[in-house]
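Have a look at the structure below, then the notes.
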Protein chains: 4
Amino acid sequence: MRRTDKKQAILDTALALFVSQGFYATSTASIAKQAGVANGTLFHHFASKDELMNHLYLTIKQELANAITTHAAPCGELELDAKNLWNAAISWAIENPLKQAFFQQYSMSPSIAAEIKQQAMNGILGFMGELIYRGQKLGLLASYPLSLMLEGCHGQYLAATRYFIDHPDKWRDETHKQASFSIFWNAMKA
Amino acid sequence: MRRTDKKQAILDTALALFVSQGFYATSTASIAKQAGVANGTLFHHFASKDELMNHLYLTIKQELANAITTHAAPCGELELDAKNLWNAAISWAIENPLKQAFFQQYSMSPSIAAEIKQQAMNGILGFMGELIYRGQKLGLLASYPLSLMLEGCHGQYLAATRYFIDHPDKWRDETHKQASFSIFWNAMKA
Amino acid sequence: MRRTDKKQAILDTALALFVSQGFYATSTASIAKQAGVANGTLFHHFASKDELMNHLYLTIKQELANAITTHAAPCGELELDAKNLWNAAISWAIENPLKQAFFQQYSMSPSIAAEIKQQAMNGILGFMGELIYRGQKLGLLASYPLSLMLEGCHGQYLAATRYFIDHPDKWRDETHKQASFSIFWNAMKA
Amino acid sequence: MRRTDKKQAILDTALALFVSQGFYATSTASIAKQAGVANGTLFHHFASKDELMNHLYLTIKQELANAITTHAAPCGELELDAKNLWNAAISWAIENPLKQAFFQQYSMSPSIAAEIKQQAMNGILGFMGELIYRGQKLGLLASYPLSLMLEGCHGQYLAATRYFIDHPDKWRDETHKQASFSIFWNAMKA
DNA sequence: AATGAATGAGGATTCATTCAT
DNA sequence: CATGAATGAATCCTCATTCAT
């Protein structure tokens, strides 16, 4: 087993257990045991259980950001850009149900410090803010306060993924796919 | 101090602490202490910490439901009904920021058993489900799957209250008030 | 077993174990076990291992102070007062070898916070300082700085008790008793 | 960096940390880190944390012995010999406050095995024992038991250095210097 | 109903030490 | 010589819950 493998094993196991049992119901000992490493090894790589959680959160948010920027290169046409972005984000969630469930549970939970969430928000949803700003400049999107709209987007995203995770087959149905985007888009349209 | 006063003190304190520190970070001992009662008294009124939490959750959800039915009697005109419902719900949230924050945190958290959440959900979203169903029948609302739309509504509601709690003065501004409803309504419009 | 008995059992056991094994080598679990109480009971009475230690230190220092003030009422004649004080202090140490050993080990150790030591020093050795001050005023004691002389007294006391604990029979021998006082007194004499 | 440099860095750092934080509160990891060496390097040079401590103790005691024999060659006149010895010992302590503090803390502590302390004690107090023996033979010193007097000397030494470390300027003041010796000497005088 | 001392299982974290590189 | 990842036993402390008063 290579060295980075142990760290990764800890992260993978922690993700699975945090999602299935919750942060507080998951002991660091159980993570270590299921990851096949010694108890102390977890603390060799992460200073505390909280730091492990934060690392997980930031890493996964970054993964989502990468998935989006990779699969949804902006073409300039606003609504198309938004749709590609939306589809990429939801696709990622469906392909990574564990990570999606992780966000679902911890996006609003106090298990992750507010500053960590803020940090992720700014870094990741940066392009979303930009897209909205552009849309408002062009008069295509409603001129509501930016942070209200961002909160709305985030909420819509969580709601939509919750739905599609519960009904995975619907995502392959073009009608439903389109429906979810329409709800998202109409909410913001001018 | 009347006998129900102690029970109420426990509930009030628990609400405040659960919101500010989280469920797991709040010990029953700290609730008792801050409520000014003995350690064991808490367990006279509630069989367990979980039961206290559930009681809190159901009680508060009921309060919200009451606030809505009181202030938003349906008149038949769909959009007006929806707007009244929306305003009543958000007003309640702003007048009860602690309880609103409580929902924000615990609506998706594993600290409350799924069945309890389901139970509460049905009571509140009953209104909404009915309204959507009616709107679809009339061709005023988009014919997306009901549960997708309900998820969307819930997400919008949480997002909007999050925003107005952070910017309480905006709720007194008719423009922003209208904006939040438009986002909500346009998302569903046919 | 009465309630205060458990707290006392913990204190007694802690004293014995701290002396025989040292502070760090003594686990809170072993104290609880040997005291016949549950693990958590220790922390019900003392917030932490450190607080237990401090409580022990201050309590015992107070006991010594009580023993001295009880058995050595000042008569006004300086050297006689000093001798009575010295004898009372050493007698106490010999009658309480465990507590004496405790001071021997922890008077200079970092296991007890400096402020706690200071607090004890001021409260307990107060009358010693007064006696020295009086002696200097009368021209009977050397006019060295007070804190130098107090340090000296403390050192002499620890040294003498160390000797008499190792040779308990010598304390009953009037010659040695007198000798120890002479060393102590001559050191300070004008 | 020469090879002995790392060993020395470890010793220097250990001394500083043991004094400022205590033996048990200082982890081997923190020593290594602050010394700028790897975790395992410490254990290349010292088989265990205890061995490192013993090494430190014996080395420093030897240094003190060397300082005394170098600066205080006996001339035959008893009081002068004693004064030279006293001055040399205190001077060394003042010039090496860290090492002095180290003795202060660990001379009585269980962190160092009794046999190690005994071993060191003999080396240093050998001078003193001889001097006292000689003084008693000549009738210049009181005929108290030797070990009582040695304990007294040790106590005086620790007390005096404690004082002068806290008030370093006083050591340059001839009056105080003389005072400290007088306390020491009068205690033993016939 | 109210109390608060007592419980003991459980959990996060530390740390001296080892060993393969 | 030097490294630093890995270990796992040991430890302090927390906390929901019970029960005699």
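Since the model is a prediction, treat every value here as computed from it, not as a measurement. Naming: A, B, ... by sequence-line order, numbering from 1 per chain.
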#### Entry: Qualifying residues under side chain to side chain donor-acceptor pair (under 3.5 Å), relative to B:Asp50, sequence neighbours excluded
none

### Query
Would you call the rings of A:Tyr57 and A:Phe102 parallel, tilted or perpendicular if under 30° counts as parallel and over 60° as perpendicular?
tilted

### Task
For E:dT7, take OP1 and OP2 only and decide whether either is under 4.0 Å from a side-chain N or O of C:Lys6.
yes

Show me the donor-acceptor pairs, under 3.5 Å and distance only, between side chains in residues 34-41 of chain A and residues at least two apart or in other chains.
| from | atom 1 | to | atom 2 | distance (Å) |
| --- | --- | --- | --- | --- |
| A:Thr41 | OG1 | A:Ala38 | O | 3.4 |

### Task
Using the test ring-ring contact (aromatic ring centres under 6.0 Å, His included), find all partners of A:His55 that sit at least two apart in sequence or belong to another chain.
A:Phe46

### Message
What residues from residues 14-27 of chain B pass a heavy-atom cutoff of under 4.0 Å to DNA chain F?
### Response
B:Thr26, B:Ser27

### Query
Taking only residues two or more places apart in sequence or in another chain, which ones pass side chain to side chain contact (heavy atoms under 4.5 Å, CB included) with D:Ala65?
D:Gln62, D:Ile124

### Message
My understanding is that only residues two or more places apart in sequence, or in another chain, count here; which of them pass side chain to side chain contact (heavy atoms under 4.5 Å, CB included) with A:Phe43?
### Response
A:Thr28

### Task
Check the distance between F:dC15's P and C:Leu42's CG and give it to me in whole angstrom.
17 Å

### Message
Suppose we screen for side chain to side chain donor-acceptor pair (under 3.5 Å). Which residues come up paired with D:Lys49, at least two apart in sequence or across chains?
### Response
none

## Note on the structure
Between CD1 of A:Ile10 and P of E:dT13 the distance, given in whole Å, is 14 Å

### Message
Distance check needed: E:dA2 C1' versus B:Phe46 CZ, whole Å only.
### Response
15 Å

### Contacts of type side chain to side chain donor-acceptor pair (under 3.5 Å), residue A:Gln104, not counting sequence neighbours
A:Thr161, A:Arg162

#### Entry: Contacts of C:Asp12 that satisfy side chain to side chain donor-acceptor pair (under 3.5 Å) - sequence neighbours left out
C:Gln8

### Task
Can you tell me the distance, in whole Å, between the CD atom of A:Gln8 and the P atom of F:dA6?
13 Å

### Task
Measure the distance from CG on D:Asp5 to P on F:dC1 and round it to the nearest whole Å.
12 Å

### Query
Rounding to a whole Å, what distance do you find between B:Lys33:NZ and E:dT3:P?
15 Å

### Summary
dist B:Leu56:CG -> B:Ile116:CD1 (nearest 0.5 Å) comes out at 12.0 Å

Under 3.5 Å, which protein N or O atoms sit close to an N or O of nucleotides 17-20 of chain E? Give each pair with its distance.
| from | atom 1 | to | atom 2 | distance (Å) |
| --- | --- | --- | --- | --- |
| E:dT17 | OP2 | D:Lys49 | N | 2.9 |

### Query
Is the shortest side-chain N/O distance from C:Lys7 to OP1 or OP2 of E:dA5 below 4.0 Å?
no

### Query
Whole-Å distance between F:dT11 P and C:Ile31 CD1?
11 Å

#### Entry: Shortest side-chain distance from C:Ala38, nucleotide among F:dA2, E:dG8, F:dG4
E:dG8

### Query
For D:Glu63, which residues count as a salt bridge (charged side-chain N to carboxylate O under 4.0 Å, His left out) partner, sequence neighbours excluded?
D:Lys99

### Nearest-Å distance for atom pair CG/P, residues A:Leu52 and E:dA12
11 Å

### Message
Stem finding on DNA chain E, please: runs of three or more consecutive Watson-Crick or G-U wobble pairs, both distances under 3.5 Å, sorted by first number.
### Response
E:2-21 with F:2-21

